[in-house]
Each structure stands twice: as structure tokens, then as C-alpha cells.
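To keep things clear, I will list the structure first and then write my remarks on it.
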Amino acid sequence: MPKTVRKTDILRREIRKARKQGETIGLVPTMGSLHAGHLALVEACRRRCDLVVVSVFVNPRQFGPDEDLARYPRDLRRDRRLLEKHGCDIVFAPDAREIYPRGFKTFVGVEGLRDTLCGRLRPGHFDGVTLVVLKLLLALLPDVAFFGEKDYQQLVVVRQMVRDLGFPVEIEGVPLVRDKDGLALSSRSVYLSPEERAIATSLFKSLEMARLLIAGGERRARTVEERTVTLLVDSGVTKVDYAAVVDPSSLEQVKYIDSDVRILVAAWVGATRLIDNIAIDAESIGRKRQASRRGTVAVIMAAGEGKRMKSDLPKVMHKIGGKPMVAQVIDAARQAGVKDIIVVAGDRSQKVMPLLKRLGVEVVRQDVQRGTGHAVLQSYPLLARFGGNVMVLSGDTPLIRGGSIERVLSTHKKHSNTITFITTEVPDATGYGRIVRDKNDNFTRIVEEKDADPGIKAIKEINAGLYCFKAEPLFDALLGIKADNVQMEYYLTDVIETMKSRGGRVEALRMADHTEMLGVNNVKDLEVVREIYARRKKDEDSKRRLENGIHRKRRRR
Ligand code: PAF
């Protein structure tokens, strides 16, 4: 267990001992209730310093009168256990009197920076932070102190104070840590109910959307801020305090995005205030140049990890008929006359890249898997100003025929549809979204299995997952799409609803041969698809032979 020290003079004795042995001292200031974000700070400290000191002190001076000081989570025993596992040497856990002795009168504040963004809404907060941080720095005189980028304004404020005072300490910022659902880890997330937590993930999503907007060419900071706020409000946050595109070192709001910026958001979900931020680097802003495109672009989703394939090979690289699945789908798109192709690759994209390069397609990355809507959204930087059609195909449905893609595309154009998508009847529709049509056989809606009553469950027609969209309404819908589930995944089926409610023309086109849309998710699927492919090839070959025979006979006549 790390040594727990409650008094400053004892702490100083420990530090003196370490110094005598030539050790470097690192400080990680915390308010306890530790999570993986704090532990990343401790690990960063462990990597650089010989003596790792973590302070645990819920600092009353940084809480406003109506804030959550009384209910702020505290559990020193749990914190110490966690710290032990992560290589902490000393836990400094003073009480309030130790830090603020009776008669304490001093203020420390960083002009300007303390009054902007969170400081404007939490008067006195940053003065409380700088005061306690200065006291901790004075107690230890560490070589390095570690602060999370999650509290980005705090990091900037502390850096400024240290610089102004000439304090001989290095301040290291450590990237924030997110939960699987994208939520930036925070001690305050324990306040959230499951429903609130789902809404809270929209902070991250709004930042991701802002990044995509900028990557797509948007340079007006005000527009990015407004769209970020709209997404937060639409996702159900209780109140947005701010969304700001700022200079990363001065925190001044920028008007035009032409160099590195940081985007910061603060919003309330119920009674919990949450903050989040994201860095946008100038290089990535400048790099994405959009090709001038016309007609139809195919976006092929190929990022699936394929864990159930029990292989190191990315799923779409498994072969059907001697060719990787994704190459089969690319071939089908080209047969349909779609030459402009973007493949959405996953985090193991390096294993697919040589093939994709050879096949001459563009590639975008989807580093985290958040559903089909999220996958397609990754192509936005390349399609932001594209006014044509976007054909969405799955890289793991290798049996799709060029003819079927062509049929969707020509119907889409002929009927001036906003969306045309393929449906098919399957013997067992369990688990799929069912297609509901009106008495004129027109598409009405998709009902997911979980929402289906027995009547709907009896429907055998399902969404086959092949779509053609008008690009502009597609990306408008995707950039504003709500993720109202805890995983924060968003799907193209939700876009259908949105586009329909906005007056878009949606047509669901039946495909007779359901095997064309069979997806490969595991080894068994792969076998089934290979068998069908082999049978199909055999049939096609014998048909060809037969036709050739007839032709030859005709020619002889
Ligand atoms: O980030 C925190 O947990 C606190 O603001 C800090 C830096 C420990 C000061 O109380």
C-alpha cells in the first residue's frame, strides 16, 4: 500500500529523503474518487518520476455555494487500493484545516483566463483551483506535476500561473480517457442515471461531429459552435453552458479556423454538469482536399472487426471465390457503373490497405465502431460538398451482384428518390427490422424486433442493408443524428426515419434472391456464402456453356 500522509511537514520530510537519494518527484493532484482518467495521470507520473505522490483533497474553495461539495463522491480506501496497483508511493490526504489554517486570507487568480468559459459560469472556481495547486506545489516542490486534458481550461490556467510565478516545475498535460460509449471519464458521472448517461454521451458525439464538419471544409467557428449546440439540445441535454472553438493556449475564441484549435463544451444533463473537449490539429484541417466529384459515389463499410471469424485477418479480407470479400463488393459496384469508391476501414486497416491501394479506391478510417450511420459519416470529409448520390454497400456481403446495385441506382434516379434501399424476404426474419408497407404497397416504416408486436413479427420482409441516398440530406441527417442508446451507436435505419420526416421520398425495393445480401459474421456464415458462391458459379458456367452451344448451333445453321 502507498504510504498515506496527512500533514505537510511529514510530507516534506519524505520528499527531503527522496531528494537526498537523487530521486525525481512527481505530483498528481486529485480530488479522489479515482477513475481510469486519474490512473492514466499516475501512470504518466510513474513513467517519468522516481517518487510518485498523489494528493487526494476535495478542495472546498473551488466549489460554488450551490455546487456539489457535500455530495462529491469520497472513498479514500478504494482510492488507495487503486493507487497501489498503479505504482503510487505516497498518498497525500490532508484535511481542510491543513490546507486552509484558521485565519487564511490569501487569494491566487489568473486574470482573464479565470473569467472565461467555465470561469464565467462558475465564479471563483479557478481561483480555488490555483490556490490549492499552488499550496500543493509549495508543499512538494515537485519536478513535474500532471494534469488531465479533460479539464482543459484548468490545465491552461495552471500553466499560466506557473509561468507567471516562475515556479520551477514542469506541467504535463495527459490526454483524457473515454469510456467505451465515448463519455469522458469524470468523477461526477456517478450522479447520472442510465437514461442521463445515454444523453451525456452526446457531448462527445457533438465534438466528433464538429471535427467532421471542420474536416469537411467548414472554417467558420460560429457555424461549428451553433451546430454543436443544436446537436446537444436535440439529444436532450438539459442546458448547454457553452460550445466554443478556442485557441489552445490563450483560450480566446477564434472566428476562423485556420490553425490548431480546441473545441470545448459544457452542458447539464439533469442536475449534473459535464465538460468535454477535443483537439483539432491544423495539419488534418489542411490535408483533406476534396476531389471534384459527380454522379454516384459508393461508400463500402469494411471496418467490422470480425471477432467471431476467429482469425487475425480483418473480416473483409477473407476470400470468396479466390478474392477477398471487399474486392468482390468493389467489383460489383464497378460492374454497376459506380467508379468512385470510398472504403471505410477499421483500426486494422493496415492489413487491408495494400489491397485497397491496388484496387484504386479511397480509404477513410473508422477507429471506433459505432454503427452503420457512424461508419458512413466518416466519409463526410471527402463528400461535404458533393451533390450527387451515395450508394452504401457492406464489405461483408460478397454475393451482391452488380445488376442489383444498378437496379437500385436506376430506380433511385428515375423516381428522384431521397433514399432507395433494398429489402428482401427471408425464411426466418427473427432479429431483423421488419418493413411495413401501406395498402398501396408503399414503404411506411421499419420496425425493429424489440418494438414489434406479433402482427409485425409475422412480416418476412426485412431491410437488406443496401442503400442509395442523395448526399446532402444524408449528411445533414447524419450530422444531427441522435444516439439515444447507451452504446451511442447510430444506424442508417434511423436516417431513413429522419429523412422521411423531413419530406424525403423513400422507396423500398424488393430483391428476389435474398442470398445476395447474406452477410458474413462468423466462420459458419463464411462456409455458407462460399457454398452459394460456388453453386452460383457452376450455374452461371453451365448457363454460359448452354448459351454458347445454342449460339454455335445458330451460327452453323
Ligand atoms: O482536477 C482536479 O481534480 C482538481 O481541480 C485539482 C487539480 C485536484 C485541484 O483541486
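Not measured: the values here are computed from a predicted model. When a ligand or atom number is given, it counts from 1 through the structure's own listing order.
For the residue pair Asn277 / Arg262, a side-chain donor-acceptor distance below 3.5 Å is found, with atom types taken as modelled.
Without hydrogens or angle criteria, Arg163 side chain to Phe167 main chain gives no donor-acceptor distance under 3.5 Å. A donor-acceptor pair under 3.5 Å links the side-chain atoms of Gln153 to the main chain of Thr116, judged by distance alone.
Ring geometry, Tyr100 versus Phe57: the interplanar angle falls from 30° to 60°, so the pair is classed tilted.
No more than 12 heavy atoms of other residues, nucleotides or ligands shown are found within 6.0 angstrom of CZ on Arg222. Residue Lys351 qualifies as enclosed at atom NZ: its count of foreign heavy atoms under 6.0 Å is above 12.
Close contacts of ligand 1 with Pro29, meaning ligand atoms under 4.0 Å from a residue heavy atom, involve 8 (C). Per-residue contacts place Thr30 under 4.0 angstrom from the following atoms of ligand 1 (heavy atoms of the residue considered): 8 (C). Interface of Val132 with ligand 1, defined as ligand atoms under 4.0 Å from a residue heavy atom, comprises 9 (C), 10 (O).
In this structure, atom 7 (C) of ligand 1 lies nearest to the protein heavy atom Gln154 NE2, 3.4 Å. At the shortest separation from atom 10 (O) of ligand 1 among protein heavy atoms lies Gln62 OE1, 2.6 Å.
No part of Val158 comes within 4.0 Å of ligand 1, judged by heavy-atom distances.
Note: no N/O pair closer than 3.5 Å links His38 and ligand 1 by distance alone. Among the atoms of Asn59, none of the N or O lies under 3.5 angstrom from an N or O of ligand 1.
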